[in-house]
Amino acid sequence: MIEDLDKMILFYIGPFPINATIFFTWIVMFVLCLISIFVTRNLKDTQKVSRLQIVLEMIVLGIRKQIYEVSQDNPAKYLPVIGTFFLFIGMSNLLTIIPGFRAPTASLTTTIAFASCVFLAMPYYGIRNAGVIGYLKKYIDPTPFMLPMNILSDFSSMFSLSFRLYGNVLSGAVIGSVMIMLAPFLLPLPMQILGLLTGTIQAYIFALLSIVYISAVSPAEPYVFTDLE
């Protein structure tokens with residue numbers, strides 16, 4: 001049975017109830033912080049580096065390339081936001097291999113919070129790229145009659161992001177639970193592998209859509225990306 005993480009109160013900190021969504025979110029944040037400390041403690045800028053640093057640089061470069069291909073803008077500008085989304089969602093699904101752990105992205109409050117961050121980032125980066133006037137012009141493009149529809153499009157983007165991620169993660173958990181009940185000794189491992197694969201795909205899709213929405217208003221001057229950055 002799939003329970004609502006928001007209604008699962010695990011303990012209290014003073015008068016404040018801590019539900020499963022908050023608790024599992026803290027776990028993901030803690031794991032990501034530990035990993036970041038571990039992989040960055042011995043970084044070097046010389047020619048002789050560790051294999052771990054090479055893997056880390058390949059991951060970062062891959063994310064930067066993907067951001068540039070979508071936005072055609074400086075990827076360093078969007079990397080903190082997009083990288084955080086990808087790593088958090090991916091780690092949330094990766095940790096589901098631990099018995100008892102539930103991905104916080106299976107909670108609608110988490111996905112709405114992520115989508116709200118994207119919604120706030122849209123005017124921030126739009127104004128940063130094109131200025132206030134340049135950003136506001138997008139709402140009357142191609143004609144002023146499109147103003148209501150363009151405003152509605154921004155809000156619909158937020159809701160589509162949140163419900164898409166929530167629905168995909170939750171449906172995956174439901175299907176996995178049903179299949180395990182039908183064949184508890186044969187399917188757990190394949191279902192876990194499938195869950196990790198779909199979780200990575202969902203993290204990629206959410207990050208990709210986020211950069212599409214955030215970089216909708218590009219700078220006037222084109223940016224040239226090189227692998228040496």
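Keep in mind the model is a prediction, meaning the values are calculated, not measured. Here, residue 1 is the first one in the sequence, and each next residue gets the next number.
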Shortest non-hydrogen pair, Phe88 vs Met29, comes out as CE1-CG, 4.1 Å

Side-chain H-bond candidate by donor/acceptor type, Thr21 with Ser107, under 3.5 Å: yes

Do Ile214 and Val212 belong together in a cluster built from hydrophobic side chains that touch within less than 4.5 Å? yes

Heavy-atom pair with the smallest gap, counting every atom of Phe85 and Ser210: CD1-OG, 4.0 Å

So which pairs with a foot in residues 78-90 pass side chain to side chain donor-acceptor pair (under 3.5 Å), sequence neighbours left out? Asp73-Tyr78, Tyr78-Asn129

Applying side-chain contact (heavy atoms from CB on, under 4.5 Å), can you list everything that pairs with Leu120, at least two apart in sequence or on another chain? none

Any salt bridge (charged side-chain N to carboxylate O under 4.0 Å, His left out) involving residues 113-137? Give me the pairs, sequence neighbours left out, ordered by first then second residue. none

List the steps, then state whether side-chain contact (heavy atoms from CB on, under 4.5 Å) holds for Leu95 with Ile98. CA-CA 6 Å; Leu95 291 177; Ile98 301 175; 4.0 Å; yes

Hey, can you tell me if Phe155 and Phe119 have their rings parallel, tilted or perpendicular (30° and 60° cut-offs)? tilted

Side chain to side chain donor-acceptor pair (under 3.5 Å) contacts in which one or both residues fall within residues 112-126, not counting sequence neighbours: none

Heavy atoms of other groups near Phe16 CZ, more than 12 under 6.0 Å: no

Applying salt bridge (charged side-chain N to carboxylate O under 4.0 Å, His left out) as the test, list every pair that has at least one member in residues 148-160; sequence neighbours left out. Lys138-Asp154

Checking one residue: Ile37. Which other hydrophobic residues are in its cluster under the side-chain 4.5 Å linking rule? none

